[in-house]
Amino acid sequence: MATKILAFCGSLRKGSYNRMALNAAKALAPDGVEIESFDELGDVPPYNEDVREAGFPPVIETLREQVRAADALVFGTPEYNYSVPGVLKNAIDWVSRPPDQPFKGKPCAVMGASISMLGGARAQYHLRQSMVFLDMHPVNQPEVMIAAAKEKFDADGKLTDETSKKLIRQLVENLVAWTKRLG
Ligand SMILES: Cc1cc2nc3c(=O)[nH]c(=O)nc-3n(C[C@H](O)[C@H](O)[C@H](O)COP(=O)(O)O)c2cc1C
């Protein structure tokens, strides 16, 4: 049976390097792995507890179901001001609310691309911090931090950097093995 992975891109912009990196993950994934993207991040309203008490918005109901149905999750995120972009954190906040917190026990992986030299490391560690509270199970290694992203993709948005390709392939393989191990 195929391993189904739901991908989150923390950037909304068309030319996002992080989306390109997630596309590379899809292309590099081994046979039997399906990576599907959640592309409605821009439609998620700002979190409001009053709204939640009246019922999750439809986009969140759907996303909560998608998270539940996925065998594993992968997050490809930029770093904004040394942390996780608000749009991604906002969606995580919505999905994380009871009942049956859908992130609990979910195997996941984190990767990121940045135009700077650190490849979004700080955002990734902040995301991992939230994963502790959400009781998710992130793969530890490899850490995929694509620095100087402008130089790593071609004009068609294809990842050209061999080191990054190798790391992404390994991350997906490790996530699949981790998912099978967790059962
Ligand atoms: C609001 C904002 C804050 C940013 N802060 C950081 C930062 O703290 N660290 C960093 O490496 N890059 C930072 N950047 C630059 C991003 O790395 C760069 O815009 C990157 O291309 C965003 O990812 P994307 O290509 O997937 O949209 C910031 C960009 C924006 C728009």
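Ligands are counted one by one from 1 in listed order, and the atoms in each one are counted from 1 as well. The figures here come from the full heavy-atom set of this structure, side chains too, leaving out hydrogens, waters and symmetry mates.
Note on residues 48-66: pairs passing salt bridge (charged side-chain N to carboxylate O under 4.0 Å, His left out), not counting sequence neighbours, are E49-R52, E65-R68. Sorted by first and then second residue, the salt bridge (charged side-chain N to carboxylate O under 4.0 Å, His left out) pairs involving residues 130-158 (not counting sequence neighbours) are K104-D135.
Close approach of ligand 1 to P78 (heavy-atom distance below 4.0 Å) involves ligand atoms 22 (C), 23 (O). Near N18, meaning under 4.0 Å from one of its heavy atoms, ligand 1 places the atoms 23 (O), 24 (P), 26 (O). Against a heavy-atom cut-off of under 4.0 Å, S11 is close to the following atoms of ligand 1: 24 (P), 26 (O), 27 (O). Near S116, with a cut-off below 4.0 Å to any heavy atom, the atoms of ligand 1 are 10 (C), 11 (O).
Here the rule is side-chain hydrogen bond (donor to acceptor under 3.5 Å, both in side chains) with S83, and of H126, Q129, K89 only H126 fits it.
From L28, atom CG reaches atom CG of L159 across 7.5 Å, with rounding to the nearest 0.5 Å.
Not one N or O on the side chain of K106 forms a donor-acceptor pair closer than 3.5 Å with the backbone of H137.
Annotation: K4, atom NZ; neighbour count of heavy atoms from other residues, nucleotides and ligands within 6.0 Å does not exceed 12.
In terms of protein heavy-atom proximity, atom 15 (C) of ligand 1 is closest to I115 CG1, 3.8 Å. Summary of contacts: the protein heavy atom closest to atom 5 (N) of ligand 1 is N81 N, 2.8 Å. Here the heavy atom of the protein found nearest to atom 11 (O) of ligand 1 is S114 OG, 2.6 Å. Of the protein's non-hydrogen atoms, E79 O, 2.9 Å is the one closest to atom 6 (C) of ligand 1.
Below 30°, between 30° and 60°, or above 60°: for F38 and F8 the angle between ring planes is between 30° and 60°, a tilted geometry.
Counting heavy atoms closer than 4.0 Å to ligand 1, residue R13 contributes side-chain atoms (C-beta onward) but none from N, CA, C or O. Residue-level proximity to ligand 1 for S16 is carried by backbone and side chain together, each with a heavy atom below 4.0 angstrom.
Between the choices Y17, Y80, Y82, the shortest heavy-atom distance to atom 31 (C) of ligand 1 belongs to Y80.
Looking at ligand 1, you won't find any N or O of R19 less than 3.5 Å from one of its N or O atoms.
Contact record, Q124 with V144: NE2-O, 2.9 Å, taken as the closest heavy-atom pair.
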